[in-house]
Amino acid sequence: MRSLTTVCSLALFAAAGCADDDFATPLPSPFPEASISLEYEVLTEGLAIPFDVAVLSDDEFFVTDRVGKLFRYSGGSLVEITGMPVVTTFGDPGIPAIMHGGLMDIELHPGYPDVPWLYISFFSEGFLRVERFQVQGNTATDFEPIFTSRTEGYYGNGARIVWHDDQHFFLNIGGSTLSTVSDPDLISQDLDEDWGKIHRLRDDGSIPDTNPILPELEEPTSIWSYGHRDAQGLYFDAEEDVLFAVEHGPKGGDEFNVIEPGGNYGWPLFTYGIDYSGMSVSTITEAEASETTVLPEHHWTIPTDDGGQAIAPAFLLGVRQSNFGAWNGKFLLSSLFYRWLLLYDRQTDTTEALPLTGRIRSAAQLPGGNILILRERTRADSTDGQLIRLSPL
């Protein structure tokens with residue numbers, strides 16, 4: 001076990017001008033640093049981009065790696081599960097990293113293990129897919145398709161699967177195309193497209209008749225809400241019956257949203273961010289957006305000389321009844337850009353930086369009350385991505 005306050009102090013404010021493929025070195029935190037001491041245990045390395053985790057117990061879980069691999073961690077050992085589908089990954093020119101696609105979320109059926117299905121989201125041949133399968137020994141078997149996007153694309157970051165109840169789940173799919181006021185890309189507004197939407201499906205992939213009927217349609221579709229740019233984090237609060245999402249803006253304008261059935265969340269008609277070129281994106285005003293779309297409950301834009309910087313939130317976890325008393329009732333998320341673990345307090349509308357850095361892709365609360373963290377590799381050519389268990393000192 002290591003003290004985070006000791007480890008993080010070594011490189012807290014390392015130079016921002018690190019190499020493009022240095023994914024570990026944090027930038028100075030744009031938020032106040034929480035006064036808290038933690039201990040962390042690196043359970044295993046040997047991963048590239050650990051993207052999500054399905055928890056079986058405090059010491060056993062399945063972990064997806066975006067490069068297309070599934071692992072089972074148990075008793076200190078990491079074993080690859082064979083038989084997984086071939087995935088497609090996408091990079092951006094000049095950035096030696098997987099920016100889109102790959103093998104993403106994994107969730108157990110709420111009835112697991114009596115209902116032995118595992119659900120994954122992934123990109124294959126240009127389509128975003130959800131399939132369910134079973135694991136026999138260390139082999140994936142009995143795959144069944146649950147969802148396939150109606151059109152091809154590469155926009156599907158996020159692809160988080162979150163259970164609504166024991167028969168329905170939510171699925172978010174990004175629509176993070178470039179858009180400006182002079183050249184708007186309206187794929188997230190197009191109800192004939194699955195990109196830029198949050199979907200709700202039954203556990204067998206069928207469309208629930210309790211889904212909303214959207215404008216100009218005559219019956220429910222899989223779409224629960226639309227007008228999203230790139231929601232990469234979903235959390236469903238079962239006690240409050242509320243779905244929350246964090247969403248990437250363009251250059252600034254990252255959002256914390258309360259998701260309403262049938263809601264239009266505005267992208268790209270209105271955003272608090274600007275295009276990477278510095279050009280405006282919004283085609284309507286904030287006042288107009290408040291009458292026709294659902295505005296975010298909170299948004300993050302870090303002030304800069306060139307119009308603002310996004311934090312790039314990667315996941316969302318509501319902390320409830322954990323071993324971290326000061327975190328309970330708040331939300332964990334991470335900043336991929338600044339490379340910090342963050343704590344957002346919805347009641348006070350404040351964000352703090354926690355003493356764990358790096359590109360953190362996901363987190364899960366373990367049955368015993370500690371927190372599991374998935375931190376990706378430090379460089380594009382390495383496999384030193386980690387599973388970390390956090391516990392309070």
Side-chain angles (χ1 to χ4, degrees), residues 4-5 8 12-13 26-38 40 160 162 172 225 228-229 231-249 252-260 263 265-266 270-273 286 289-290 293-304 308-358 360 362-365 369-373 390-393:
L4 287 182
T5 51
C8 292
L12 198 58
F13 298 115
L27 304 182
S29 170
F31 304 109
E33 296 168 46
S35 178
I36 185 171
S37 295
L38 307 172
Y40 76 106
R160 300 290 184 180
V162 175
N172 58 328
S225 61
H228 298 285
R229 182 176 184 270
Q232 289 203 28
L234 280 186
Y235 175 76
F236 178 68
D237 188 324
E239 291 188 4
E240 301 294 330
D241 192 28
V242 177
L243 180 65
F244 298 97
V246 286
E247 181 168 338
H248 283 227
D254 298 314
E255 299 180 357
F256 179 91
N257 282 307
V258 179
I259 304 301
E260 302 174 3
Y265 285 78
F270 178 78
T271 174
Y272 290 100
E286 182 181 31
S290 68
T293 70
V294 184
L295 292 176
E297 187 171 277
H298 177 84
H299 65 93
W300 293 275
T301 300
I302 308 306
T304 64
Q309 173 61 51
I311 64 169
F315 72 91
L316 186 67
L317 174 65
V319 184
R320 308 291 186 263
Q321 299 179 339
S322 76
N323 294 336
F324 301 84
W327 298 4
N328 290 329
K330 302 176 185 179
F331 293 88
L332 284 178
L333 63 150
S334 71
S335 168
L336 293 178
F337 181 81
Y338 289 95
R339 301 164 187 158
W340 285 81
L341 182 64
L342 304 177
L343 185 69
Y344 174 63
D345 187 339
R346 187 184 176 211
Q347 301 303 315
T348 61
D349 198 31
T350 56
T351 306
E352 295 179 291
L354 298 175
L356 184 64
T357 60
I360 298 169
S362 194
Q365 187 170 314
N370 289 332
I371 302 292
L372 186 69
I373 296 292
L390 297 182
S391 58
L393 279 173

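All heavy atoms count here, side chains included; hydrogens, waters and symmetry mates do not. No experiment lies behind these values; they were computed from the predicted model shown. Residue numbers run from 1 in the order of the sequence given.
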Can you see which heavy atom on Ala314 is nearest to which on Ile360, and at what distance? CB-O, 3.6 Å
State, without any angle test, whether Tyr265 and Glu255 hold a side-chain donor-acceptor pair at a distance under 3.5 Å. no
What I'd like to find out is whether the side chain of Ile36 reaches to under 4.5 Å of the side chain of Leu354, using heavy atoms alone. yes
Nearest 0.5 Å, what's the CD1-NE2 distance between Ile311 and His248? 8.5 Å
N/O donor-acceptor pair under 3.5 Å between Asp345 side chain and Thr350 backbone: no
Under 3.5 Å, is there a donor-acceptor pair between the His298 and Asp349 side chains? yes
Does Leu234 reach the side chain of Leu243, with side-chain heavy atoms less than 4.5 Å apart? yes
Heavy-atom closest pair, residues Thr301 and Gly308: CG2-CA, 3.9 Å
Do Gln309 and Pro30 touch side chain to side chain, with heavy atoms closer than 4.5 Å? no
Show, in sequence, the C-alpha distance, side-chain angles and deciding distance for Ile371 and Leu332, and conclude whether the side chain to side chain contact (heavy atoms under 4.5 Å, CB included) test is met. CA-CA 10 Å; Ile371 302 292; Leu332 284 178; 4.1 Å; yes
Between Ile302 and Phe31, does a side chain to side chain contact (heavy atoms under 4.5 Å, CB included) hold up when you go through it step by step? CA-CA 9 Å; Ile302 308 306; Phe31 304 109; 3.9 Å; yes
With a cut-off of under 6.0 Å to the ring centre and 45° to the axis, is Arg320 in cation-pi contact with Phe331? yes
side-chain contact (heavy atoms from CB on, under 4.5 Å) with Trp340: of Ser29, Pro28, Pro355, only one passes, and it is Ser29
Distance check, rounded to the nearest 0.5 Å: Leu343 atom CG versus Thr351 atom OG1? 8.5 Å
Sub-4.5 Å side-chain heavy-atom contact between Phe256 and Trp300: yes
Heavy-atom pair with the smallest gap, counting every atom of Glu260 and Val294: OE1-CG2, 4.0 Å
Side chains of Phe270 and Leu295 in contact at under 4.5 Å (non-hydrogen atoms): yes
Verify the ring-centre separation between Phe315 and Tyr235: is it less than 6.0 angstrom? no
Could you go through Leu356 and Ile373, starting from their C-alpha distance and side-chain angles, then the distance that decides it, and tell me whether this counts as side chain to side chain contact (heavy atoms under 4.5 Å, CB included)? CA-CA 10 Å; Leu356 184 64; Ile373 296 292; 3.8 Å; yes
Compute the centroid of each ring, for Tyr344 and then for Trp327, and state whether the two points are separated by less than 6.0 Å. no
Looking only at heavy atoms, which two atoms of Asn323 and Pro392 are closest? And how far apart? O-CG, 3.4 Å
Has Asn257 got a side-chain atom pairing as donor or acceptor with Ala245's backbone, closer than 3.5 angstrom? no
Side chains of Asn370 and Tyr40 in contact at under 4.5 Å (non-hydrogen atoms): no
With the side chain counted from C-beta on, respond yes when Val319 and Lys330 share a heavy-atom pair under 4.5 Å apart, and no when they do not. no
Of all heavy-atom pairs linking Glu297 and Val258, the shortest is OE1-CG2, 3.4 Å
Testing Arg229, His228, Gln232 for side-chain hydrogen bond (donor to acceptor under 3.5 Å, both in side chains) with Glu247, which one passes? His228
Establish, from distance only, whether the side-chain atoms of Ser322 and Asn328 form a donor-acceptor pair under 3.5 Å. yes
So do Phe244 and Ile259 actually touch side chain to side chain, heavy atoms under 4.5 Å? no
What heavy-atom pair brings Leu317 and Gln365 nearest, and what distance separates the two atoms? CD2-N, 3.9 Å
